[in-house]
There are 2 protein chains.
Amino acid sequence: MPPPEPKPRMSRETLLPKLAAHVLEHGLGGASLRPLAKAAGTSDRMLIYHFGDKETLVRDLLEYISGVYATALDMALGDRRPATRQEAFARILALGRGPGIQPFLVLWWEIVAGSARGLPGYADAAEAMITKQLDWFEAQMPEGDPDPKGGARYLLTLLEGTLMLGTVGHARTAREGLLASGLAGDRAGD
Amino acid sequence: MPPPEPKPRMSRETLLPKLAAHVLEHGLGGASLRPLAKAAGTSDRMLIYHFGDKETLVRDLLEYISGVYATALDMALGDRRPATRQEAFARILALGRGPGIQPFLVLWWEIVAGSARGLPGYADAAEAMITKQLDWFEAQMPEGDPDPKGGARYLLTLLEGTLMLGTVGHARTAREGLLASGLAGDRAGD
DNA sequence: AAGTTCTTGTAGCACTTGCTACATTCAGTT
DNA sequence: AACTGAATGTAGCAAGTGCTACAAGAACTT
């Protein structure tokens, strides 16, 4: 029986994925060093050693997570563009319901809250994630759209509102609003 | 010099306003008993005595805050209805920028985040506050609107998206989206 | 082989957390 | 005046917080 792992030296890069997994599941606000370390297979001692202090850890972690989110969005880019704004909107709404994005969505509101409170690192991550989403929307605007730039921003605004209402138990309200906007069929906003 | 206050007996009702003030300023997630008690002029011992445990305290506090928010919205009801949806939207957008509502807005994202995580008491407060806002919107829909019910929901969805984008540093994105929607003049979404 | 630097483990410190045990004071009732 | 129950103060506990001191091993350089 050979020794399976000689010495799995750790670094920020090897730590960050495990830390991110823990945070996506258990939240960011209540995360303290010892549980984080346990989830990553280390000790609080080493987290401080590698990141300096907790604030830097959170900052790096948020940056890493927003990177993961960006690549997740990239992978979800369809090969053909939707034909209408309605279809573009429905597509990203469906994406947000996929199980892969759901944990991001739960964490997202924590990031927004931290951003609103001015917690260090949160605002940058929030800004980056929204920018990415906006890029995604622009790439999804139908060809020949009269105002793709403005349209993407409009759809993004409406999407964020829809997601938020869904989070606080007002999915039905959002659905009826989308219906009235003419942007959605009767299954949108669930 | 008479003794100014003989004995200011405390109860949940006298405590809650001071607790709410502290939470609106410093946030809800990081609030612990001793700072809360200090802000209310008591001891952690008495907070537990009056509320039983911290979870109940937070629950009662959120309920109280959503009540305060509701009366704040009531007071902001104009005497005349707006003539157009644009005007209705601009009116509530201006309201959200008023200094009185700003602390609620910052706390709001914390409530949404707690609701998404399933923290006890958060979902109820979030649901109540959105319902109140929806009522407000319905009362503000212009007379003769072809679909006031759906319109109010549409405006609410768009507003929440606009507020969120503004919180994370994308006010400009929201403004351009609103412009493209035809719902706003060029000062909206700031 | 010796020396130097990078990485890790063990203990622990000062502080905060929610909450409790115990005793005391106060208000109202009889 | 005596009793009763509600309201409050003091002290503390077990657990958890971020972080550090110290030392030891591991690895790389000369």
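Throughout, protein chains are lettered first and strands after them, A, B, ... in sequence-line order, and every chain is numbered starting at 1.
- Using modelled atom types, one side-chain atom of E110(B) and one backbone atom of G29(B) make a donor-acceptor pair closer than 3.5 Å.
- Residue H50(A) has no polar side-chain atom (N or O) positioned under 4.0 Å from OP1 or OP2 of dC6(C).
- Checked by atom type and distance alone, the side chain of T157(B) pairs as donor or acceptor with a backbone atom of R153(B) at under 3.5 Å.
- If you measure from atom NZ of K38(B) to atom P of dT17(C), you get 12 Å, rounded to the nearest angstrom.
- The interatomic distance linking F51(A) (CZ) with dT8(C) (P) rounds to 12 Å, in whole Å.
- In this structure, E25(B) contributes its side chain and A21(B) its backbone to no donor-acceptor pair below 3.5 Å.
- Whole-Å rounding puts the L15(A) CG to dT7(C) P distance at 12 Å.
- Comparing dA27(D), dT8(D), dG9(C) by their nearest atom to the side chain of R9(B) picks out dT8(D).
- Considering every non-hydrogen atom in both V168(B) and S115(A), the closest pair reads CA-OG, 4.1 Å.
- Rounding to the nearest 0.5 Å gives a distance of 8.0 Å between CG of L57(B) and CG of L15(B).
- Comparing I48(B) and M46(A) by the nucleotide of DNA chain C that holds the closest heavy atom to each, the one mapping nearer the 5' end is M46(A).
- Axis angle across the helix from dA1(C)-dT30(D) to dT30(C)-dA1(D), with five pairs used at each end and values rounded to 10°: 10°.
- Shown here for K54(B) and L33(B), the closest heavy-atom pair between the two residues is CG-CD2, 3.9 Å.
- Put simply, CG on L47(A) is 15 Å from P on dT7(C), counting in whole angstrom units.
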Show each protein N/O and nucleotides 10-17 of chain D N/O combination with a separation under 3.5 Å, one pair to a line.
unit_1, atom_1, unit_2, atom_2, d
dT17(D), OP1, S32(A), OG, 2.1

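- A distance of 12.5 Å separates CZ of R81(A) from CG of D79(A), quoted to the nearest 0.5 Å.
- A cation-pi arrangement is present between R12(B) and F51(B), with the terminal nitrogen or guanidinium carbon under 6.0 Å from the aromatic centre and inside a 45° cone about the axis.
- A salt bridge does not link R59(B) with E63(B): every distance from a Lys NZ or Arg NE/NH1/NH2 to an Asp or Glu carboxylate oxygen is 4.0 Å or more.
- For Y49(A) and dA23(D), the OH to C1' distance is 14 Å, given to the nearest whole Å.
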